Asks: 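I have a structure I would like to understand better, so I am pasting it below and will then ask my questions one at a time.
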Amino acid sequence: MTGRDYRGMSAAERLADRRERLITAAYTLFAHPGFHATTIEKLCTTARISNRAFYECFSSREDLMRAVYDRCVEETLTSVNQAIDKAPPTLDERIVAGIAEYVRFVTKDVRRARVMHLEVRRAGNVLTAARQHTVKAFSEIIEGVVQDVPHRLPLETHLLSLGLIGAITELLIEWVLANPAPPTDKVIDAAVHIFRCAFGV
């Protein structure tokens with residue numbers, strides 16, 4: 001007995017494959033038709049696995065939503081940090097680089113925008129901790145940019161960062177829901193203006 005199935009995959013590999021297929025299916029279905037409109041049965045049909053296999057990978061739809069959301073956030077954080085690191089070492093240049101990359105990266109795939117800024121809220125209180133963790137991660141980026149560049153702030157940095165995250169979140173919710181959606185360049189311009197006013201640059 002080798003512990004491998006007819007496809008030549010170990011039990012651990014099969015589990016990882018099913019988990020990945022569920023995440024891929026959920027990324028599309030949770031974005032549209034949406035979290036509440038997507039049943040476990042639909043997820044399993046799309047991922048081509050059994051309902052029983054679902055519970056070997058995730059404990060609930062909310063657990064799967066958390067995995068999809070966390071991946072979206074991780075990819076976005078990586079992209080934004082890289083953009084800031086490549087920007088000239090002035091506060092204004094780094095603000096522009098970070099915001100532009102965030103908006104463009106998130107809106108490049110409407111599924112990512114919907115998952116991160118709309119459907120995660122619709123998933124309910126079970127994902128509150130995940131959202132708080134994300135806010136903390138992005139606030140640390142903002143605070144790090146300000147700390148690295150000598151600049152006198154008018155307000156307490158952490159609270160100011162939280163307010164700015166709220167502003168950019170609302171701009172992206174508008175981008176998701178509006179018909180037609182505002183051009184991403186306009187969203188970037190609005191966010192940059194808000195940040196510049198907040199930091200006095």
Side-chain angles (χ1 to χ4, degrees), residues 1-83 101-142 161-162 165-166 168-177 181:
M1 295 290 291
T2 63
R4 304 183 80 85
D5 71 0
Y6 70 96
R7 296 170 59 193
M9 298 173 70
S10 68
E13 289 169 338
R14 290 199 306 273
L15 182 64
D17 177 67
R18 290 168 181 167
R19 181 181 173 87
E20 191 61 31
R21 280 190 276 157
L22 278 168
I23 289 174
T24 299
Y27 183 48
T28 295
L29 293 172
F30 285 166
H32 184 77
F35 177 78
H36 287 301
T38 301
T39 63
I40 288 177
E41 289 75 16
K42 179 63 175 176
L43 287 162
C44 291
T45 297
T46 303
R48 303 187 311 281
I49 67 170
S50 68
N51 284 21
R52 187 183 72 174
F54 176 94
Y55 291 102
E56 294 173 354
C57 301
F58 298 98
S59 62
S60 62
R61 282 188 314 149
E62 289 81 6
D63 189 28
L64 174 54
M65 178 63 172
R66 185 183 297 108
V68 175
Y69 175 72
D70 285 347
R71 180 172 296 184
C72 288
V73 170
E74 181 182 350
E75 292 172 348
T76 305
L77 283 166
T78 298
S79 184
V80 170
N81 275 316
Q82 289 174 348
E101 182 61 23
Y102 182 86
V103 173
R104 288 181 181 137
F105 187 81
V106 169
T107 60
K108 183 164 55 178
D109 187 335
V110 69
R111 293 174 298 178
R112 183 183 292 114
R114 292 187 68 88
V115 165
M116 288 181 65
H117 293 288
L118 191 63
E119 295 303 326
V120 69
R121 296 167 180 265
R122 292 175 172 172
N125 293 335
V126 69
L127 290 183
T128 297
R131 287 177 55 207
Q132 289 177 324
H133 179 76
T134 299
V135 169
K136 181 176 183 293
F138 281 105
S139 68
E140 287 174 352
I141 290 178
I142 295 172
S161 297
L162 294 178
I165 290 169
I168 199 167
T169 296
E170 289 303 319
L171 288 170
L172 284 164
I173 290 174
E174 174 69 9
W175 184 88
V176 168
L177 295 178

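The first residue of the sequence shown is numbered 1, and numbering continues consecutively from there. In this text, all values refer to a predicted model and were calculated from it rather than measured experimentally.
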Asks: After noting the C-alpha distance and the side-chain angles of Y27 and R112, does the key distance pass the side chain to side chain contact (heavy atoms under 4.5 Å, CB included) rule?
Replies: CA-CA 8 Å; Y27 183 48; R112 183 183 292 114; 3.4 Å; yes
Asks: Nearest 0.5 angstrom please: K108 NZ to S79 OG, how far?
Replies: 6.5 Å
Asks: Looking only at heavy atoms, what is the nearest atom pair of L29 and T38, with distance?
Replies: O-OG1, 3.1 Å
Asks: With sequence neighbours left out, what residues match R131 under salt bridge (Lys or Arg N to Asp or Glu O under 4.0 Å)?
Replies: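 Partners of R131 by the salt bridge (Lys or Arg N to Asp or Glu O under 4.0 Å) criterion come out as none, since no residue qualifies.
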Asks: Go through R71 and E74 one step at a time and tell me if the salt bridge (Lys or Arg N to Asp or Glu O under 4.0 Å) criterion holds.
Replies: CA-CA 5 Å; R71 180 172 296 184; E74 181 182 350; over 6 Å; no
Asks: Please check if the side chain of R21 supplies one atom and the backbone of R48 the other of a donor-acceptor pair under 3.5 Å.
Replies: yes
Asks: Which value, rounded to the nearest 0.5 Å, describes the distance between D70 atom CG and L77 atom CG?
Replies: 10.5 Å
Asks: So which heavy atom on T46 is nearest to which on A25, and how close?
Replies: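 In terms of heavy atoms, the two residues are closest at CG2-CB, 3.7 Å.
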Asks: About how many Å separate CZ of F138 and OG1 of T76, when rounded to the nearest 0.5 Å?
Replies: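 One gets 5.5 Å once the value is rounded to the nearest 0.5 Å.
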Asks: Is the side chain of R111 donor-acceptor paired with the backbone N or O of T28 at a distance under 3.5 Å, no angle test?
Replies: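 Pair absent, no side-chain N/O of R111 close to backbone of T28.
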Asks: How long is the gap from CG on N51 to CD on E41, to the nearest 0.5 Å?
Replies: 5.0 Å
Asks: Does the side chain to side chain contact (heavy atoms under 4.5 Å, CB included) test come out yes or no for H117 and V106, once each step is laid out?
Replies: CA-CA 10 Å; H117 293 288; V106 169; 4.0 Å; yes
Asks: Grab the two heavy atoms, one from A31 and one from R114, that are nearest each other, plus how far apart they are.
Replies: O-NE, 2.6 Å
Asks: Are L43 and R61 close enough, and set up right, to give a side chain to side chain contact (heavy atoms under 4.5 Å, CB included), and what steps lead you there?
Replies: CA-CA 9 Å; L43 287 162; R61 282 188 314 149; 4.3 Å; yes
Asks: If you compare all heavy atoms of F58 against all heavy atoms of I23, which two are closest, and at what distance to 0.1 Å?
Replies: CZ-CG1, 3.9 Å
Asks: Output all residues satisfying ring pair (Phe, Tyr, Trp, His ring centres under 6.0 Å) with F105, sequence neighbours left out; order by chain, then residue number.
Replies: none
Asks: Does a salt bridge link R66 with D63, judged by any charged N lying under 4.0 Å from a carboxylate O?
Replies: yes
Asks: Using 0.5 Å steps for rounding, measure from the CZ atom of R18 to the SG atom of C44.
Replies: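 If I round to the nearest 0.5 Å, the distance is 10.5 Å.
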Asks: Take atom NE2 in H32; do more than 12 heavy atoms of anything else shown fall under 6.0 Å from it?
Replies: no
Asks: For T45, what residues pass the side chain to side chain contact (heavy atoms under 4.5 Å, CB included) criterion, not counting sequence neighbours?
Replies: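 By the side chain to side chain contact (heavy atoms under 4.5 Å, CB included) rule, T45 matches no residue at all.
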Asks: Show me the donor-acceptor pairs, under 3.5 Å and distance only, between side chains in residues 168-177 and residues at least two apart or in other chains.
Replies:
| from | atom 1 | to | atom 2 | distance (Å) |
| --- | --- | --- | --- | --- |
| T169 | OG1 | I165 | O | 2.8 |
| W175 | NE1 | P182 | O | 3.4 |

Asks: Give, for atom CG of D109 and atom SG of C72, the distance between the pair rounded to the nearest 0.5 Å.
Replies: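 Answer rounded to 0.5 Å: 8.0 Å.
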Asks: I'd like to check the side chain to side chain donor-acceptor pair (under 3.5 Å) partners of Q82; sequence neighbours left out, ordered by chain and number.
Replies: none
Asks: Taking only residues two or more places apart in sequence or in another chain, which ones pass ring pair (Phe, Tyr, Trp, His ring centres under 6.0 Å) with F35?
Replies: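 With neighbours one apart ignored, the set is F30.
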Asks: Any idea which heavy atoms bring E140 and K136 closest together, and the distance?
Replies: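 Distance-wise, the nearest heavy atoms are OE2-NZ, 2.5 Å.
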Asks: So which atom in M116 and which in V73 form the shortest heavy-atom distance, rounded to 0.1 Å?
Replies: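 It is CE-CG2, 4.1 Å.
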